[in-house]
Each structure stands twice: as C-alpha cells, then as structure tokens.
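For reference, the structure is listed below as structure tokens.
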Amino acid sequence: MSVHNCKECQLKCAAAKYLNEDEYNVLEEHSVSVPFKKGEIIFKQDALSLNVAYLKSGLAKIHVHGPSHEKIIKIVKAPSYLGIPTMIGDKINQFSATALEDTTVCFIDTNLFVNFIHTNGKFAYELILELSRNELSDYQRYVSISQKQIPGMVAETLLCLSCKIYESCNFSLPISRSEIGDLIGTSRESVSRVLTDFSNEKIIEINLNEVKILNMERLKQINEKG
DNA sequence: GCATTAACCACAG
DNA sequence: CTGTGGTTAATGC
C-alpha cells in the first residue's frame, strides 16, 4: 500500500471532487492504493466482488471468458472506474480486469461507495454521467463490430489507440495480435493480415509492436466505410 | 459460376 | 507470439 491521501490525490475521479472533508476522511480509511505490473490480474471474473476499483494510472483491459474464447470488452485508460456494474450490480464479478502496463488501482469499500451515492447527490450524478457515457460508447461499439468488416474494425482500434489512448500517431501496441482479435471478434490471422496490408499500402508503418500512422485520412476512410 | 471475405489449420521463424 | 500459405464455407454479383 502506498501513501494514501484521497483529498490531495490528483488522480481522483470527477465524482470524488464533490466529497466534503468528513467524507474524504472516511474514504481514506476505507480505501487502498495498489500498484500492478503489466500482465497482472486486477480482479477476476467469478470471484467475489469486494471493492470498487478505480484505475488511477496506467492501462487495463476488461475481458470475459466466453463459451469458446476470451473476449476483450474494452481497453480502459486511467483515470477511470473499472467496472462499477459488476461491483454494485452483483456479488460475483461478471468480468476480469488485467493491467496492460504498470498501473495503480485504488480499491474502495463497496458499502462506503454505496453510502456516498445515497447521501451525496453530486457524487451520484457524476457517477451516472460516467456510466451513461460508457453505455453510449458501448452501443457504438456494438454497431461497429456487428456491421463492419475486419479492416474497418482494425482501423477503428488503431484510431482509438492513437486518438483516445495515446494521443499520438506513434505508439506501441499494448496488446498482442491475438488480443486484438479477441477485442474485435476475429482471428489473430485476420488481424495479422490486415495489419500487413495496411503496412503495404503505406497507411501505417509497423515493426513488432511499434505503430506509426502514416495516412490518417485513409485510415479514417476505412474505418467509416467498414 | 466466379470473386470476395474470413475462418481454420499447419508450419516456420 | 507472428507471418504466411493453402483450404474451405458462405455470400454476393
């Protein structure tokens, strides 16, 4: 456990801004900050859900094991809550979270968290905002994966990593080809092929996991027309 | 039919 | 884990 001062924490979520002095003190007593290394499991599907997890820094994947394969639901960048739905909605985790790079996660006592929702309207409202945004972006992703062809979906993931996660045209893939397949619902082979196709067409440059987007416009075209 | 798309398999780095 | 090639099944023109 690291030094813990919730009020001074620069990484706290929008909702936590609305806590008062007393609430901060209680929060500090009922939460811990834990570092995770790349690849470590933050919490696991089917285990008992004991805490609300808040990703303070780093990157994580939310994933479930389906009937046949592993399915990655989404990649989450800090700062963000990791799975409010599974913490409050059920006693058993409905999915797993795994660190994709070195991360810090704050675990908060679920009962306390629920208390804040009951007693602090602004806190609750901010939380609902975040949940709503998540649901809307999930809807968009459902549409994408059900209607796009593979190049469109690979383009979408590259754009997402570039624009939303790394905010740069140059970045290093945080996940393997096989995991990209699990993310967009296709095979690792197809991902490989599309990636080399993109590279041959000079849309991206790729060696190992280093990606450089050369033709952003083209990539957006492929993303949109599927 | 023929072309396209993508999954599955296998084998080589 | 990745890249490639061959094969197969489904779909569309």
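So you know, we letter chains A, B, ... as the sequences are listed, proteins then strands, and number each from 1.
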> Under a single-linkage rule joining Ile, Leu, Val, Met, Phe, Trp and Tyr whose side-chain heavy atoms are separated by less than 4.5 Å, which residues share a cluster with L50(A)?
Replying inline: L48(A), I92(A)

>> Can you tell me how far apart CD (E224(A)) and OG (S144(A)) are? Round to the nearest 0.5 Å.
In response: 10.5 Å

Throw together a table of side-chain donor-acceptor distances under 3.5 angstrom for residues 111-123 of chain A, partners on residues two or more places apart or in other chains.
{"unit_1": "T119(A)", "atom_1": "OG1", "unit_2": "N115(A)", "atom_2": "O", "d": "2.9"}
{"unit_1": "N120(A)", "atom_1": "OD1", "unit_2": "K122(A)", "atom_2": "N", "d": "3.2"}
{"unit_1": "N120(A)", "atom_1": "OD1", "unit_2": "F123(A)", "atom_2": "N", "d": "3.0"}
{"unit_1": "N120(A)", "atom_1": "ND2", "unit_2": "Y18(A)", "atom_2": "O", "d": "2.8"}
{"unit_1": "N120(A)", "atom_1": "ND2", "unit_2": "E23(A)", "atom_2": "OE1", "d": "3.2"}

>> Nearest whole Å is fine: how far is dT2(C) C1' from D197(A) CG?
In response: 15 Å

Side-chain polar contacts of residues 60-72 of chain A - donor-acceptor pairs under 3.5 angstrom, sequence neighbours left out - could you list them?
{"unit_1": "K61(A)", "atom_1": "NZ", "unit_2": "E179(A)", "atom_2": "OE2", "d": "2.6"}
{"unit_1": "H63(A)", "atom_1": "ND1", "unit_2": "E70(A)", "atom_2": "OE2", "d": "2.5"}
{"unit_1": "H63(A)", "atom_1": "NE2", "unit_2": "T98(A)", "atom_2": "OG1", "d": "2.6"}
{"unit_1": "H65(A)", "atom_1": "ND1", "unit_2": "Q45(A)", "atom_2": "OE1", "d": "3.3"}
{"unit_1": "H65(A)", "atom_1": "NE2", "unit_2": "D46(A)", "atom_2": "OD2", "d": "3.4"}
{"unit_1": "K71(A)", "atom_1": "NZ", "unit_2": "L183(A)", "atom_2": "O", "d": "2.9"}

Between protein and nucleic acid, restricted to nucleotides 4-7 of chain B and to nitrogen or oxygen atoms under 3.5 Å apart, what atom pairs and distances do you find?
{"unit_1": "dA6(B)", "atom_1": "OP1", "unit_2": "I150(A)", "atom_2": "N", "d": "2.9"}
{"unit_1": "dA7(B)", "atom_1": "OP1", "unit_2": "T186(A)", "atom_2": "OG1", "d": "2.9"}
{"unit_1": "dA7(B)", "atom_1": "OP2", "unit_2": "T186(A)", "atom_2": "OG1", "d": "2.7"}
{"unit_1": "dA7(B)", "atom_1": "OP2", "unit_2": "S187(A)", "atom_2": "OG", "d": "3.3"}
{"unit_1": "dA7(B)", "atom_1": "OP2", "unit_2": "S190(A)", "atom_2": "OG", "d": "2.6"}

> Within this structure, what is the CG-to-C1' distance between L195(A) and dG3(C), rounded to whole angstrom?
Replying inline: 11 Å

> Got a donor-acceptor contact below 3.5 angstrom from the R141(A) side chain to the I73(A) backbone?
Replying inline: yes

> How does each nucleotide of nucleotides 7-13 of chain C score, in 5' to 3' order, for protein heavy atoms under 4.0 Å: base (B), sugar-phosphate only (S), or none (-)?
Replying inline: -------

> Rounded to the nearest Å, what distance is computed from the CG atom of residue N207(A) to the P atom of nucleotide dC1(C)?
Replying inline: 20 Å

> Could you give all pairs that pass the ring-ring contact (aromatic ring centres under 6.0 Å, His included) test and reach residues 125-148 of chain A, with sequence neighbours left out?
Replying inline: none

> Hey, does I222(A) have a side-chain heavy atom less than 4.5 Å from the side chain of I203(A)?
Replying inline: yes

>> From CD of E189(A) over to P of dC11(B), roughly how many Å is that when rounded to an integer?
In response: 14 Å

>> So, using side chain to side chain contact (heavy atoms under 4.5 Å, CB included) as the criterion, who are the partners of A99(A) when residues are at least two apart?
In response: F36(A), I42(A), T103(A)

>> Report for the helix from dG1(B)-dC13(C) to dG13(B)-dC1(C): angle between first-end and last-end helix axes, five pairs each, rounded to 10 degrees.
In response: 0°

>> Applying salt bridge (Lys or Arg N to Asp or Glu O under 4.0 Å), can you list everything that pairs with E156(A), at least two apart in sequence or on another chain?
In response: K148(A)

>> Within the structure provided, determine whether L129(A) and R133(A) are in side-chain contact (heavy-atom separation under 4.5 Å).
In response: yes

>> Under the ring-ring contact (aromatic ring centres under 6.0 Å, His included) definition, can you give me all pairs with a residue in residues 170-215 of chain A, not counting sequence neighbours?
In response: Y166(A)-F171(A)

> Starting at CD of E179(A) and ending at C1' of dC1(C), how long is that distance when rounded to a whole Å?
Replying inline: 11 Å

> Heavy atom of residues 62-76 of chain A under 4.0 Å from DNA chain C: which residues?
Replying inline: none

> Does the side chain of F43(A) reach to within under 4.5 Å of the side chain of V105(A), using non-hydrogen atoms?
Replying inline: no

>> By nearest atom, which of the nucleotides dC8(B), dG3(C), dC1(C) is closest to the S176(A) side chain?
In response: dC1(C)

> Residues two or more places apart in sequence or in another chain: which of them pass side chain to side chain contact (heavy atoms under 4.5 Å, CB included) with S80(A)?
Replying inline: V76(A), E130(A)

